[in-house]
Amino acid sequence: MTSERRGPGEILVVSRTEVDSLLSPARCLERCLETFRWVGEGEVEQTNPVNLYIHDRLGPEPPFGHGVVQAFPALIRPLDRAAVKWLSSFRMNPKRDLPAISALDLVTDTDTGMPLALVDGTSVTNARTGGHSTVGAMYLARPESARLAIIGCGHEGRTHALTLNEVFPLEEVVAFDIYEEQANRFADEIGARIGVPVVVAPDVETAVAYADIICVVTTAPRPVLMEEWVPAGAHVCAATGFRDVDPGCATAFDKWAVGWYGRDLAWVEGEEVGRIGGLQPGALSRSDIYGDIAAEIMPGHKPGREADQERTIMTHMGMPALDAAVASLVYDLALEAGAGTWIEVF
């Protein structure tokens, strides 16, 4: 069944449940690979986010703490689409029985400038985060990687495991979460979905001891993975940069790569380093970075992994192009499936 756009004043709303049912790990990974290539070829226009701090970060906190809303716009020329991710983060929301983070993606037709769809951005973010980490692993991890460690068993821990399973011959997944019940649920669900044993480790050091690929996807405000625990030959996917990963990995490992200089350098040299990166400004610099996946490694200007014993790490906290391109894909998939709800907005 195919659902055609009804009229110029209507847009398609795609819910979180619908995104999860429409967007397979394989399709998401394919779109993430395309997006990295388009970014490297200069076919994308994107900016660093516009941050609107609702309360003064530096002053006394109001009853429910400070919050931020952010806009992440991108233009994807090969798709003739633009989109903006509207993200809110209010850290005290759980005390009000509300999610701490929520997002919506507005997809626009660049030929007419007309809005096409409003897509749940939280599920898109979860999926493309697993996707962009897998893109990095394709160039930096051993192709025969079979042992995967997941540190942090939330939504992004799941998307990392599911998407990496599309590329690597996984034989075992070892999971750790500070909440054992959550780790056990993760083990049951992911084991059933990918058909390999998933075991729960008692701590991070045990979880990573024999891992080929290590994914750190936690909300921890300080490093939980230490450099000396990472075995030879392992690749680390650092979804939140060096907030929860020992920054010593950047200099002790053989290669530290970023996803895209245009976004990732802000976490190294900018004022955001101290706020989110968990480092003092100047602790790491561009000279410590081996290469950029989109602009250097994927096009072949620099090699990825060169030896089995190399230890590698990719830090990438996302870029607007990924959200825009994946949300656009969700819109197309919803049209094909007859999913979503049309609403008249003007």
Side-chain angles (χ1 to χ4, degrees), residues 16-17 19-20 23-25 28-29 89 91 93-94 99-103 120 122-134 136-137 141 145-168 170-226 229-231 234-246 249 278 313-318:
R16 181 173 304 183
T17 300
V19 174
D20 289 340
L23 185 61
S24 69
C28 182
L29 175 59
S89 177
R91 67 182 185 182
N93 263 3
I101 296 176
S102 61
D120 173 60
T122 306
S123 50
V124 167
T125 298
N126 291 337
R128 65 87 170 149
T129 303
H132 74 235
S133 288
T134 301
S145 294
R147 299 181 301 276
L148 172 66
I150 299 288
I151 311 304
C153 297
H155 294 297
E156 291 185 1
R158 286 167 167 78
T159 60
H160 276 70
L162 294 172
T163 314
L164 285 161
N165 186 60
E166 294 290 326
V167 176
F168 295 95
L170 299 184
E171 297 176 358
E172 182 184 57
V173 178
V174 183
F176 172 78
D177 195 280
I178 58 172
Y179 300 106
E180 186 177 0
E181 182 179 346
Q182 183 159 303
N184 288 330
R185 286 198 303 269
F186 174 92
D188 291 342
E189 177 189 336
I190 297 302
R193 291 190 64 175
I194 68 176
V196 303
V198 181
V199 299
V200 175
D203 52 55
V204 175
E205 186 174 4
T206 302
V208 306
Y210 301 101
D212 299 313
I213 299 175
I214 301 165
C215 301
V216 188
V217 280
T218 81
T219 58
R222 59 187 59 86
V224 299
L225 175 69
M226 306 312 294
W229 299 344
V230 179
H235 171 66
V236 175
C237 305
T240 58
F242 294 109
R243 187 190 69 192
D244 55 1
V245 173
D246 181 358
C249 297
I313 183 169
M314 173 188 172
T315 59
H316 185 55
M317 297 177 70

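Basis for what follows: all heavy atoms, side chains included, without hydrogens, waters or symmetry-related copies. The chain is numbered in sequence order, starting from 1.
Between S133 and H160, the closest heavy-atom pair is OG-NE2, 2.8 Å. Between C215 and L148, the shortest heavy-atom distance links the atoms SG-CD1, 3.8 Å. For the pair A207 and I151, the tightest heavy-atom approach, listed with the atom from each and the gap, is CB-CD1, 3.8 Å. For A183 against C153, the heavy-atom pair with the smallest separation is CA-SG, 3.9 Å. Of all heavy-atom pairs spanning F176 and A201, the tightest one is CD1-O, 3.3 Å. The shortest heavy-atom contact between A211 and I214 is CB-CG1, 3.7 Å.
A donor-acceptor contact shorter than 3.5 Å is absent between the side chain of S145 and the backbone of A141. T129 places a side-chain N or O within 3.5 Å of a backbone atom of T125 that can act as its donor or acceptor partner. Side-chain N or O atoms of D203 include one that pairs as donor or acceptor with a backbone N or O of T206 at under 3.5 Å. A distance-only check finds a donor-acceptor pair linking the side chain of R243 to the backbone of A220 [under 3.5 Å]. For D212 (side chain) and R147 (main-chain N/O), a donor-acceptor pair under 3.5 Å exists by modelled atom type.
Salt bridge annotation for R185-E189: absent, with no cationic side-chain nitrogen under 4.0 angstrom from a carboxylate oxygen.
Within the model, atoms CG of L29 and CG of L23 stand 10.5 Å from one another, a figure rounded to the nearest 0.5 Å. S102 OG to R16 CZ: the interatomic distance, rounded to the nearest 0.5 Å, is 8.0 Å. In this structure, OG1 in T219 is found 6.5 Å from CD1 in I178, a value given to the nearest 0.5 Å. The CD atom of E205 sits 5.5 Å away from the CH2 atom of W229 when rounded to the nearest 0.5 Å. For the atom pair CZ of F168 and CD1 of I213, the computed distance is 4.0 Å after rounding to the nearest 0.5 Å. R158 CZ to R193 CZ: the interatomic distance, rounded to the nearest 0.5 Å, is 9.5 Å.
Proximity of F186 to D177: side-chain heavy atoms (C-beta onward) are nowhere separated by under 4.5 Å. No side-chain heavy atom of N165 sits under 4.5 Å from any side-chain heavy atom of I190. The closest side-chain heavy-atom distance from T240 to V217 is not below 4.5 Å.
Of the residues listed (V230, D246, I313, T218), the one engaging L225 in a side-chain contact (heavy atoms from CB on, under 4.5 Å) is V230, and it is the only one.
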Step by step, would you call S123 with N126 a side chain to side chain donor-acceptor pair (under 3.5 Å)?
-> CA-CA 5 Å; S123 50; N126 291 337; over 6 Å; no
Start with the C-alpha gap between D20 and T17, add the side-chain angles, then the distance that decides, and say whether side chain to side chain donor-acceptor pair (under 3.5 Å) holds.
-> CA-CA 5 Å; D20 289 340; T17 300; 5.9 Å; no
